[in-house]
Amino acid sequence: MSVRVRFAPSPTGFLHIGGVHTALFNWLFARHEGGEFRLRIENTDTSREVAEATEQIQDSLRWLGLDWDGEVTFQLDRMERCREEAQRLLAEGKAYEDDGAIRIRMPDEGVTAWDDLIRGRIDYPNEKLEDLVLVRADGRPTYNFASPVEDRLDEITHVLRGDDHISNTPKQIRILEALGAPLPAYGHLANILGEDGKKLSKRHGATSAEEFRAQGYLPEALVNFLALLGWSYDDKTTIMSRGELVERFTLDRVGASPAIFDFKKLEWMNGVYLRALPPEEYADRLVAYLREQGYDWDDQLVRKAAPLVQEKISTLGEFPKFAGFLFARSSGQPVALPDVAEALEAVDPFSAEAIEAALRRFAEQQGLKPREAFQPIRLAVTGSTVSPGLFESLELLGKEETLARIGGSGRGEASGSSAR
RNA sequence: GGCGCAUUCGUCUAGUGGCCUAGGACACCGCCCUCUCACGGCGGCGGCACGGGUUCGAAUCCCGUAUGCGCCUCCA
């Protein structure tokens with residue numbers, strides 16, 4: 001029998017990174033096994049549903065490259081089927097009515113157990129199992145009823161979900177048994193926590209796929225990083241392409257203990273992916289990202305700036321702060337560096353190479369170490385002590401704009417202000 | 001409180017009884033490279049939660065304790 005798994009988020013907002021992790025492990029497992037990965041929206045609780053969430057979740061999944069098989073299904077559409085199943089249990093005496101709701105009869109002794117795909121055998125004492133509500137008085141099925149019924153309808157073979165579901169599993173197993181349905185295998189993934197060991201929340205930083213995207217993370221980096229939270233290939237491999245991940249992913253190497261989300265490591269990994277991109281593609285991605293974020297900077301100039309920053313920034317989101325000076329015009333209040341202006345005025349063509357030669361000569365004449373000479377220029381021109389390579393930056397800026405920023409070329413009167 | 005799950009460097013992890021004086025990566029520190037930043041190179045700091053067993057031998061198996069997390073809803 002071929003593998004079929006599902007990812008079943010509830011549409012209450014953006015796709016949380018914990019959800020992405022669960023989706024990823026299901027997807028990797030399905031793809032590795034040559035099986036199917038289904039997407040199911042659990043929208044039984046209409047009061048908590050957020051209108052755009054269903055679309056946003058799919059957008060995030062698409063962005064991450066986690067493609068699903070078949071149509072997206074909605075729990076709400078299968079309510080009728082759930083009611084029928086409940087009626088059947090009622091007729092068979094396996095369930096009973098109580099205040100208008102339908103409850104299932106649970107055993108009160110013995111244990112319900114299963115061999116968890118990730119944790120091994122788990123025993124759950126039946127005395128802890130209540131006669132839980134299957135269908136509410138208003139006719140809506142509860143989550144713990146709808147979920148297993150749908151797993152059966154979809155012929156799900158493996159249920160991989162968060163470990164917060166461990167105590168739901170015995171309930172769902174009992175329901176499936178009452179229905180006479182075959183049981184899927186269950187595996188419970190450990191949660192992802194914030195730096196303080198608490199549940200990952202807003203105060204830890206980005207928590208949704210959307211936010212990581214907006215901050216300029218690459219989906220392939222996020223996927224690689226998340227795959228390594230609770231799973232590993234061996235004792236030294238960390239950078240793996242999507243294809244390698246699929247090829248190598250197996251459940252027996254998934255761990256059971258919770259992992260803390262290390263933003264620093266993700267940032268490092270994103271930098272690795274960014275630097276590895278062919279220059280052309282790097283420029284494409286940068287342009288697309290800036291567009292998405294609402295910048296209206298000249299595409300051609302962005303493309304020219306791309307190679308200057310590729311080795312230096314670890315998220316696309318750092319670009320505006322790091323290279324934004326290339327896209328502004330001199331505000332007319334230049335920092336006066338008359339000697340430098342003079343040295344630069346004669347440079348022709350105004351190329352990085354020629355600029356470097358001129359500036360090094362200048363430094364030597366002044367008896368300054370390179371860094372002593374260049375740092376004031378950097379500050380005057382870029383407005384920061386940290387920037388892309390100085391000579392390349394000046395070339396992109398052009399002679400006129402460069403001189404305007406250091407008070408040369410007769411423009412922008414020297415105001416007496418010095419470089420700090 | 002009850003039940004369940006978890007516990008190797010600060011973090012992610014390798015480790016399935018001898019290969020472990022516990023390996024790798026991120027972070028951190030130092031040095032080198034260098035126009036800043038970053039990259040890269042080299043080196044360093046740092047861990048088997050605790051206590052009992054089992055065994056010739058335990059990070060690895062068992063029991064207990066502690067700590068953390070989850071669930072105990074006609075939420076999902």
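It should be emphasised that the depicted structure is a prediction, and the values quoted were computed from it without experimental measurement.
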Assess whether a salt bridge exists between [X] and [Y], defined as any Lys/Arg side-chain N lying under 4.0 Å from an Asp/Glu carboxylate O.
| X | Y | answer |
| --- | --- | --- |
| A:Asp138 | A:Arg136 | no |
| A:Glu318 | A:Lys321 | no |
| A:Arg285 | A:Glu281 | yes |
| A:Lys264 | A:Glu267 | no |

Assign a letter to each nucleotide of nucleotides 62-70 of chain B from its 5' end: B, base within under 4.0 Å of a protein heavy atom; S, sugar-phosphate only; -, no contact.
-------SS
Letter per nucleotide, 5' to 3', of nucleotides 29-39 of chain B [B base touched, S only sugar-phosphate touched, - untouched; heavy atoms, 4.0 Å]
------BBBBS
Taking RNA chain B as the partner, which of residues 76-98 of chain A come within under 4.0 angstrom of it by heavy atom?
A:Asp98
Below 4.0 angstrom, which residues in residues 211-225 of chain A have at least one non-hydrogen atom near RNA chain B?
none
[N] and [M]: how far apart are their [atom1] atoms, nearest whole angstrom?
| N | M | atom1 | answer |
| --- | --- | --- | --- |
| B:U13 | B:U8 | C1' | 9 Å |
| B:G47 | B:G24 | C1' | 14 Å |
| B:C63 | B:C5 | P | 12 Å |
| B:C19 | B:C61 | P | 16 Å |
| B:G43 | B:C48 | C1' | 25 Å |
| B:U21 | B:G40 | C1' | 31 Å |
| B:A27 | B:C45 | C1' | 12 Å |
| B:G23 | B:G46 | P | 13 Å |

Mind checking whether A:His204 and A:Phe261 have ring centres under 6.0 Å apart?
no
Do A:Phe249 and A:Trp231 have ring centroids that are under 6.0 Å from one another?
yes
Considering residues, nucleotides and ligands other than A:Glu364, do more than 12 of their heavy atoms fall under 6.0 Å from its CD?
no
Within the supplied structure, the quantity of interest is the number of heavy atoms (other residues, nucleotides, ligands) at a distance under 6.0 Å from A:Lys399 NZ; does it exceed 12?
yes
Mind calculating the distance between [atom1] ([X]) and [atom2] ([N]) to the nearest angstrom?
| X | N | atom1 | atom2 | result |
| --- | --- | --- | --- | --- |
| A:Leu266 | B:A25 | CG | P | 19 Å |
| A:Arg161 | B:C71 | CZ | P | 13 Å |
| A:Asp235 | B:A14 | CG | C1' | 5 Å |
| A:Lys171 | B:G4 | NZ | C1' | 11 Å |
| A:Met240 | B:C26 | CE | P | 14 Å |
| A:Asn126 | B:C3 | CG | C1' | 12 Å |
| A:Lys264 | B:A27 | NZ | C1' | 6 Å |

Only pairs with both distances under 3.5 Å count, Watson-Crick or wobble alike; so what is the partner of [N] in this structure?
| N | value |
| --- | --- |
| B:A25 | B:U11 |
| B:C19 | none |
| B:A58 | none |
| B:G46 | none |
| B:C37 | none |
| B:G4 | B:C69 |

Residue set satisfying side chain to side chain donor-acceptor pair (under 3.5 Å) with A:Thr250, at least two apart, ordered chain then number -> A:Asp252
I need the [X] [atom1] to [Y] [atom2] distance, nearest 0.5 Å.
| X | Y | atom1 | atom2 | result |
| --- | --- | --- | --- | --- |
| A:Ile118 | A:Arg253 | CD1 | CZ | 13.5 Å |
| A:Asp69 | A:Arg38 | CG | CZ | 7.0 Å |
| A:Phe74 | A:Ile41 | CZ | CD1 | 5.5 Å |
| A:Glu36 | A:Thr157 | CD | OG1 | 9.5 Å |
| A:Phe374 | A:Leu379 | CZ | CG | 15.0 Å |

Any sub-3.5 Å donor-acceptor pair from A:His188's side-chain atoms to A:Gly162's backbone N or O?
no
Side-chain donor or acceptor of A:Asn191 paired with backbone N/O of A:Pro258 under 3.5 Å
no
Would you indicate what A:Ala137 reaches in the nucleic acid, counting non-hydrogen atoms under 4.0 angstrom: base, sugar-phosphate, or nothing?
base
Which is true for A:Asp123 with a 4.0 Å heavy-atom rule: it touches a base, it touches only sugar-phosphate, or it touches nothing?
sugar-phosphate
Could you check which of [options] has an atom nearest any side-chain atom of [X]?
| X | options | answer |
| --- | --- | --- |
| A:Arg119 | B:C12, B:A6, B:C3 | B:A6 |
| A:Ser257 | B:G10, B:G23, B:U7 | B:U7 |
| A:Ala259 | B:A76, B:U13, B:A6 | B:U13 |
| A:Ile260 | B:C26, B:C74, B:U11 | B:U11 |
| A:Lys236 | B:G23, B:C74, B:A6 | B:G23 |
| A:Lys128 | B:A76, B:U7, B:G2 | B:G2 |
| A:Ser232 | B:A27, B:U11, B:U13 | B:U13 |

Starting from the 5' end of RNA chain B, give me the residue, A:Ala101 or A:Gly230, whose nearest nucleotide shows up first.
A:Gly230
Assign each of A:Gln75 and A:Ile122 the nucleotide of RNA chain B bearing its closest heavy atom; nearer the 5' end lies the nucleotide of A:Ile122
Show me the protein contacts with nucleotides 47-50 of chain B, counting only N or O atoms at under 3.5 Å.
none

So, does the side chain of A:Lys265 form a donor-acceptor pair with the base of B:C12 at under 3.5 Å?
yes
Side chains of A:Glu353 and A:Glu356: does their closest heavy-atom pair fall under 4.5 Å?
no
Paired with A:Arg83, the side chain to side chain contact (heavy atoms under 4.5 Å, CB included) test is passed by just one of A:Glu80, A:Arg81, A:Glu85, namely A:Glu80
A:Tyr124: which of A:Leu129, A:Val111, A:Ile173 passes side chain to side chain contact (heavy atoms under 4.5 Å, CB included):
A:Leu129
Within the 3.5 Å criterion, strictly below it, is a donor on A:Gln172 or A:Thr169 matched to an acceptor on the partner's side chain?
no
